[in-house]
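The shown structure was predicted, so the numbers you read here are calculated from the model rather than taken from an experiment.
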There are 2 protein chains.
Amino acid sequence: MNNSTTIQDVAKEAGVAASTASDALNGKSHVSEETRLKVVQAAEKLDYRPHPGAKHLSSGVAQNLGLFVSATRKHVFSSTGFFNKLIKGIHEAVEGTDYSLSLQMSETESGAADKLRSLAGSRSLGGLIITHPTRNSELLDILESSDLPFIVLGRPERDALYVDNDNVEVGKVATEHLIEHGHEKIAFLSGPSRFTYVEDRLNGYRRALESNGLNFDEDLIWNSELVESAAYKTVKKKAQKKEFGGIFVAGDVQAVGAIHALKDLGKEVPNDVGLVSVCNSQLTMHFHPSITAVDLHEYWLGNWAADRLIQEIEGEGKGRPKVVVPGDLIVRESCGCRPEERD
Amino acid sequence: MNNSTTIQDVAKEAGVAASTASDALNGKSHVSEETRLKVVQAAEKLDYRPHPGAKHLSSGVAQNLGLFVSATRKHVFSSTGFFNKLIKGIHEAVEGTDYSLSLQMSETESGAADKLRSLAGSRSLGGLIITHPTRNSELLDILESSDLPFIVLGRPERDALYVDNDNVEVGKVATEHLIEHGHEKIAFLSGPSRFTYVEDRLNGYRRALESNGLNFDEDLIWNSELVESAAYKTVKKKAQKKEFGGIFVAGDVQAVGAIHALKDLGKEVPNDVGLVSVCNSQLTMHFHPSITAVDLHEYWLGNWAADRLIQEIEGEGKGRPKVVVPGDLIVRESCGCRPEERD
DNA sequence: CTGAAAGCGCTAACAA
DNA sequence: TTGTTAGCGCTTTCAG
């Protein structure tokens, strides 16, 4: 059980030198096909698995990817499902490679920078996936001035490797669905402008209105922090001043606050107001009414990010393409499409 | 930024040999206090951080803990919050140590054993926290026959290091609360018997009834898988055959199914039936009605488990105490205590 | 109590 | 294309 076959054993079995065995197993191009085959077979026969520590020490790269959760994104992870799906996606990309996935979090905003600095200097990570640190560029500054390969989850404002949804599309899809329901006055409850996706979704919202010949009304654009209570307060305040038939809410937790606020204002969702939100989470599924939302495909976000990061680490950087994950609409009750279902 | 001070540098700075510096930093007892101090100061001055790979290679133990999520516990993690709180607790225990935390999952039941075997032989883990693998002892067999230190989250049926709630207490607290509401006929919607906590909570339920002079009625003990749809079906079927005023539900996701089933049977929670569940999750918070539940203190489960595991790895095993995390009742609407609140 | 030397398993640089 | 040699940075003998 205690696998301790070394590359020496493999080399001996294959009748080659250790370094050759190493090169063969690591896909170096100068090894003959014949030799590679011998080595690979020997390795399989002996159930060889490279010692991660030794590999790390001699090659200088740790067989370990980090997922960094910055404090500013904390709410997302306390929310329902996003985190799990993301991790699942990352995990399945990592599975089968020699890498493992480790979690790195920081509770406080100021702690995030320190943590990142520490991580960059700790040599314990081969690469890092970082949940997008909003417009605060300090975190990315730190990463860029280190030699730790990284990929951003979410669109950063600078030139860096990242994976994100097409959030313009997200905004467009959500808004168009509301338009299809016949709503002409559609509010947008958005998040703090430090998130780049807020801007994108607003653009999508705007574009949907325009291409349907509807007016864009500044007074229907509301912002709140991404927690239920903030959304509740904002909607309670704004909604009584304006007429509207639909509302596009930027996040699932906010949607809950919005629905409660509307209810307290005497407006029922979906009968009086149609609502579409973002993130196909447990919360949107189980809330009453269940919430129609644009799926963020967190699994793929994570999966692609990890894949791309490993390419980067292994020097297969394909000209830094910005991969984009599209969003789909999950239709439930809150938009007014259909009654509650039960299994 | 690229921290590459080695222990040699530290030794030089402190005016001692590398091996002495190593011993000093690792708390070996034979180093004089004076020397240790010099070394520690030198290390701090130079911002020394041991190279994880080197440490791993030479000492044989990886600076990396694994959290293993077995397929049979998957539902728990797709549920709301348990996972996050657990990880947070583990993470904070690991923070400040030289260990990192990596996630290990398996999607399929059969895959779990393979994965674990592979993990045990991979030398990539210094220790493992495993979410309790129910009565299926195969997984623990694998671990025990390996030399990988591990701790179980949840009570296993064998003698092994573990951390768990006192689930008898959990059952007792929940049931007693229902009794305080004046209910005399209390159903228990439980989970599959392969989970040891099911048995424990049943015992707690029973004990609460007994100590209050209430009858135990076998027909009020129901079981379903830990998913919403299964709970729905079970309650729908069982609840129409029996009279009862309260129900204790073993899991938050089941509670949702139960409430829907009761509703479809014309019974409103909490007006017609008082309900108490387990796990202080987002779901219990946000569901309507919000669900009174026994807190499982997942944070502490994780935190203690990691702490204890590290002790084990470092050979400070304190006679294998079974640590137990107590549960508290979080009172919300479903039990009938109080009306909905809003911030 | 401290130091010198060897070696963990791997890969990198060089020779052949 | 392959093999030889020398470390990577740490801990671990084993002398002193």
Side-chain angles (χ1 to χ4, degrees), chain A residues 2-40 42-43 46-64 98-99 121-124 126 313-315, chain B residues 2-40 42-43 46-64 98-99 121-124 126 313-315:
Chain A
N2 189 358
N3 182 340
S4 47
T5 39
T6 72
I7 196 149
Q8 300 281 359
D9 302 329
V10 175
K12 201 168 295 172
E13 175 77 25
V16 299
S19 61
T20 305
S22 170
D23 288 347
L25 259 12
N26 288 312
K28 304 279 193 218
S29 55
H30 63 77
V31 187
S32 76
E33 208 37 60
E34 191 191 344
T35 307
R36 184 192 314 285
L37 200 67
K38 276 193 302 187
V39 172
V40 167
L46 301 180
D47 187 27
Y48 168 70
R49 319 252 217 95
H51 188 296
K55 208 164 178 180
H56 183 182
L57 180 57
S58 69
S59 73
V61 353
Q63 302 307 104
N64 184 17
D98 280 343
Y99 294 89
S122 78
R123 297 168 291 182
S124 64
I313 295 170
E314 318 227 306
Chain B
N2 188 358
N3 183 341
S4 48
T5 38
T6 74
I7 196 152
Q8 299 282 359
D9 302 329
V10 175
K12 202 168 293 172
E13 175 78 25
V16 298
S19 59
T20 305
S22 172
D23 289 347
L25 258 12
N26 288 313
K28 305 278 194 220
S29 54
H30 63 79
V31 186
S32 77
E33 207 37 61
E34 192 189 341
T35 307
R36 183 190 316 284
L37 201 67
K38 274 194 302 189
V39 173
V40 167
L46 301 180
D47 186 27
Y48 169 70
R49 318 249 220 98
H51 187 295
K55 207 165 179 177
H56 183 184
L57 180 57
S58 68
S59 73
V61 353
Q63 304 305 108
N64 185 17
D98 280 343
Y99 294 90
S122 78
R123 298 168 292 182
S124 65
I313 295 169
E314 318 227 306

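Nearest approach of A:P50 to A:D98, heavy atoms of both residues: CG-OD2, 3.9 Å. Between B:T6 and B:Y48 the shortest heavy-atom distance is C-CE1, 3.6 Å. Nearest heavy atom pair, residue B:A62 against residue B:S124, reads CB-O, 3.4 Å. Taking both residues in full, the closest heavy atoms of B:K55 and B:N26 are given as NZ-OD1, 3.9 Å, listed atom of the first, atom of the second, then distance. Between B:R36 and B:G27, the shortest heavy-atom distance links the atoms NH1-CA, 3.6 Å. Nearest heavy-atom pair across A:E13 and A:A42 is CG-CB, 3.4 Å.
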So which protein nitrogen or oxygen atoms get under 3.5 Å of nucleotides 14-16 of chain C's nitrogens or oxygens?
none

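Residues A:H56 and A:H51 place their aromatic rings such that the two centres sit no closer than 6.0 Å.
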Original post:
Which letters describe nucleotides 6-13 of chain D, given B = protein heavy atom under 4.0 Å from base, S = only from sugar-phosphate, - = neither?
Top reply: -BBBBBB-
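Atom P of nucleotide D:dA15 and atom NE2 of B:H30 are separated by 16 Å, given to the nearest angstrom. Nucleotide D:dT2 holds its P atom 10 Å from the CD atom of A:E33, rounded to whole Å. Distance A:K38 NZ to D:dT2 C1': 10 Å, rounded to the nearest Å.
Side-chain contact check for B:S32 and B:T35: at least one donor-acceptor pair (N or O, by modelled atom type) lies under 3.5 Å.
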